[in-house]
Amino acid sequence: MYRIRFSLLFLFLCVNIAHALEFRSVSVPVAIFYDAPSVQGKKLYLVREGTPLEVLVQIEGWTKVRDAEGTIAWIERGALSLRRTAIVISDVAYVRKSANDDAPIVFTAEKWLVLDLLKDSPPGWANVRHRDGVGGFVRLGNVWGL
């Protein structure tokens with residue numbers, strides 16, 4: 001009996017954790033954050049293209065999201081893309097040639113810079129690419145959106 005309850009609880013937690021890690025990026029040049037799922041809602045602020053957002057809830061035509069600063073708001077679903085990005089949250093992030101702290105630095109990324117996320121990242125690192133095409137690896141603690 002307890003084993004079944006524990007298994008159900010474990011499954012429930014896994015589903016919720018997986019859902020909490022769903023991210024999208026802004027797909028239009030500028031999107032509006034609203035306080036409610038309606039264009040009649042209060043406009044909170046503008047978000048630029050590429051910004052990663054954590055998906056919290058989806059309803060018809062609208063998505064409730066959280067940004068890197070923890071702000072929760074509504075955005076029109078059509079303004080989101082499946083494209084994966086990360087945003088630099090530390091003052092400076094060093095993007096290295098390989099996933100190693102001793103690897104040469106390819107470029108330095110400043111806070112709020114949006115980077116494309118690439119696949120095949122080793123533990124503790126994100127494989128990223130700058131919009132100019134230069135890529136490398138950055139420590140996970142320096143970026144948000146994964």
Chemist: Surrounding CZ of Phe107 (heavy atoms of other residues, nucleotides or ligands, distance under 6.0 Å), is the total greater than 12?
Modeler: yes

Chemist: So which atom in Arg77 and which in Ile59 form the shortest heavy-atom distance, rounded to 0.1 Å?
Modeler: NH2-O, 2.7 Å

Chemist: Using the rule that two of Ile, Leu, Val, Met, Phe, Trp, Tyr join whenever any of their side-chain heavy atoms come within less than 4.5 Å, decide whether Val39 and Val57 are in one cluster.
Modeler: yes

Chemist: Answer yes if Trp74 and Leu80 sit in the same cluster of Ile, Leu, Val, Met, Phe, Trp and Tyr residues linked by side chain heavy atoms under 4.5 Å apart, and no otherwise.
Modeler: no

Chemist: Looking at every heavy atom in both Ile75 and Ile32, which two are closest together, and how far apart are they?
Modeler: CG1-O, 3.9 Å

Chemist: Can any side-chain N or O of Ser27 pair as donor or acceptor with the backbone N or O of Ala79 at less than 3.5 Å?
Modeler: yes

Chemist: Is there a donor in the side chain of Ser90 and an acceptor in the side chain of Asn142, or the other way round, less than 3.5 Å apart?
Modeler: yes

Chemist: Once you round to the nearest 0.5 Å, how far does CZ of Arg66 lie from NZ of Lys64?
Modeler: 9.5 Å

Chemist: State the CG-CD1 distance between Asp35 and Ile72, to the nearest 0.5 angstrom.
Modeler: 13.0 Å

Chemist: How long is the gap from CZ on Arg84 to CG on Leu118, to the nearest 0.5 Å?
Modeler: 11.5 Å

Chemist: Only one of Thr85, Thr51, Val114, Leu46 forms a side chain to side chain contact (heavy atoms under 4.5 Å, CB included) with Val26, so which one is it?
Modeler: Thr51

Chemist: Closest heavy-atom contact between Val138 and Ala93?
Modeler: CG2-CB, 3.8 Å

Chemist: Could you state whether Leu146 and Phe23 fall into the same hydrophobic cluster, counting links through intermediate Ile, Leu, Val, Met, Phe, Trp or Tyr residues with side-chain heavy atoms under 4.5 angstrom apart?
Modeler: no

Chemist: When rounded to the nearest 0.5 angstrom, what is the spacing between OG in Ser25 and CZ in Arg48?
Modeler: 12.0 Å

Chemist: Is there a path of hydrophobic side-chain contacts, each under 4.5 Å between heavy atoms of I/L/V/M/F/W/Y residues, joining Trp62 to Val28?
Modeler: no

Chemist: Are Glu69 and Thr71 close enough that a side-chain donor and a side-chain acceptor fall under 3.5 Å?
Modeler: no

Chemist: Calculate, to the nearest 0.5 Å, the distance between atoms CG and CZ belonging to Leu53 and Arg24 respectively.
Modeler: 10.5 Å

Chemist: Is Asn127 reaching over with its side chain to a backbone N or O of Lys119, donor-acceptor style, under 3.5 angstrom?
Modeler: yes

Chemist: Please examine the side chains of His130 and Leu113, heavy atoms only from C-beta on, and report whether any two atoms are closer than 4.5 Å.
Modeler: yes

Chemist: Determine, for Arg139 against Asp101, whether the closest basic-nitrogen to carboxylate-oxygen distance falls under 4.0 angstrom.
Modeler: yes

Chemist: Is Val106 reachable from Val143 through a run of hydrophobic residues whose side-chain heavy atoms are each under 4.5 Å from the next?
Modeler: yes

Chemist: For Lys111, look at atom NZ and say whether over 12 heavy atoms of other residues, nucleotides or ligands are found less than 6.0 Å away.
Modeler: yes

Chemist: Kindly give the heavy-atom pair with the smallest separation between Trp144 and Glu54, and that separation in Å.
Modeler: CH2-N, 3.7 Å

Chemist: Can you sort out the partners of Trp125 under ring pair (Phe, Tyr, Trp, His ring centres under 6.0 Å), two or more places apart, ordered by chain and number?
Modeler: none

Chemist: So Val88 and Leu115, side chain to side chain contact (heavy atoms under 4.5 Å, CB included) or not? Walk me through it.
Modeler: CA-CA 8 Å; Val88 177; Leu115 302 166; 4.0 Å; yes

Chemist: For Trp112 versus Ala68, what's the shortest heavy-atom pair and its separation?
Modeler: CZ3-CB, 4.0 Å

Chemist: Would you check if the side chain of Asn100 reaches a backbone N or O of Asp102 as a donor-acceptor pair within less than 3.5 Å?
Modeler: yes

Chemist: Locate the shortest heavy-atom distance separating Leu44 from Ala73; write the atom from each residue and the value.
Modeler: CD1-CB, 3.8 Å

Chemist: Does any N or O in the side chain of Arg96 come within less than 3.5 Å of the main-chain N or O of Phe137, such that one atom is a donor and the other an acceptor?
Modeler: no

Chemist: State, with a plain yes or no, whether a side-chain heavy atom of Arg83 is found less than 4.5 Å away from one of Asp116.
Modeler: yes

